[in-house]
Amino acid sequence: QVQLVESGGDLVQPGGSLRLSCVASGVMFKTFLMNWYRQAPGKQRELVATITSGGSTNYAGSVQGRFTISRDNSKNTAYLQMNRLKPEDTAVYYCNGWRIVGKDYWGQGTQVTVSS
């Protein structure tokens, strides 16, 4: 049984920081490519960050330099460290992972709200 479970979403002030976690079970985590997506109200889901099984990373231009994706294979966990948060970062954030095309997995989402 494959499960991805996100946590760490919260209400934070502009300029603040937050770390999201995604714990995977039922998979060979170290072989998976992991992603963080987000979806704001009234907008399409967008890819925020990617980390490969080898540890290479990629980011959306809107978060480059502020967000960091990482993974701890010993804990079957992917992270998204978010710094210098802006109101436009407000969204539901989703963890995604896959190894084989057409067989990807999703978490339930965690709400991040950036507001004064």
Side-chain angles (χ1 to χ4, degrees):
Q1 178 173 312
V2 177
Q3 288 192 98
L4 302 179
V5 180
E6 303 103 326
S7 63
D10 207 349
L11 170 65
V12 296
Q13 296 183 8
S17 297
L18 206 59
R19 188 176 78 159
L20 307 183
S21 299
C22 172
V23 179
S25 61
V27 300
M28 287 292 297
F29 180 78
K30 68 178 182 180
T31 71
F32 271 57
L33 183 146
M34 301 298 297
N35 305 287
W36 286 97
Y37 288 80
R38 68 185 182 187
Q39 187 166 25
K43 297 185 177 181
Q44 292 186 332
R45 184 178 60 193
E46 65 174 337
L47 177 62
V48 174
T50 295
I51 185 165
T52 70
S53 60
S56 297
T57 60
N58 201 9
Y59 300 91
S62 58
V63 307
Q64 183 75 48
R66 299 188 297 118
F67 289 12
T68 302
I69 188 171
S70 61
R71 65 195 299 159
D72 185 340
N73 290 336
S74 70
K75 299 183 182 298
N76 280 14
T77 302
Y79 303 95
L80 186 67
Q81 178 67 47
M82 304 183 293
N83 298 324
R84 294 154 52 205
L85 283 161
K86 305 175 180 179
E88 52 263 44
D89 295 319
T90 296
V92 178
Y93 284 71
Y94 297 92
C95 180
N96 164 272
W98 63 272
R99 180 188 179 193
I100 301 172
V101 173
K103 296 187 69 175
D104 56 341
Y105 303 93
W106 292 88
Q108 82 289 348
T110 186
Q111 176 71 49
V112 173
T113 302
V114 185
S115 177
S116 60

Check whether Phe32 and Val23 end up in the same hydrophobic cluster, where Ile, Leu, Val, Met, Phe, Trp and Tyr are linked by side-chain heavy atoms less than 4.5 Å apart. no
Do the side chains of Val2 and Trp36 join up, straight or via other hydrophobic residues, at under 4.5 Å, putting them in one cluster? yes
Is any side-chain heavy atom of [Y] closer than 4.5 Å to one of [X]?
| X | Y | result |
| --- | --- | --- |
| Leu33 | Ile51 | no |
| Cys22 | Met34 | yes |
| Thr110 | Val92 | no |

Is a side-chain donor or acceptor of [X] paired with a backbone partner of [Y] at a separation under 3.5 angstrom?
| X | Y | result |
| --- | --- | --- |
| Arg38 | Ala91 | no |
| Thr90 | Val114 | yes |
| Glu6 | Gly109 | yes |
| Asp10 | Val12 | no |

Under the 6.0 Å and 45° cation-pi test, does Arg45 pair with Tyr37? yes
Tell me whether Arg71 forms a cation-pi arrangement with Phe29, defined as NZ or CZ under 6.0 Å from the six-membered ring centre and within 45 degrees of its axis. yes
Do you see a donor-acceptor pair shorter than 3.5 Å between the side chains of Thr50 and Asn58? no
Distance-only donor-acceptor check, side chains Ser17 and Asn83, under 3.5 Å: yes
Within this structure, what is the CG-CD distance for the pair Leu4 and Gln108, rounded to the nearest 0.5 Å? 9.0 Å
Out of curiosity, Ser70 OG to Leu80 CG, how far, rounded to the nearest 0.5 Å? 8.5 Å
Would you call the rings of Phe67 and Tyr93 parallel, tilted or perpendicular, where under 30° means parallel and over 60° means perpendicular? tilted
Asp104 bridged to Arg99 by N-O distance under 4.0 Å: no
Starting from the C-alpha separation in whole Å, work towards a yes-or-no answer on side-chain contact (heavy atoms from CB on, under 4.5 Å) for Asn96 and Tyr94. CA-CA 6 Å; Asn96 164 272; Tyr94 297 92; over 6 Å; no
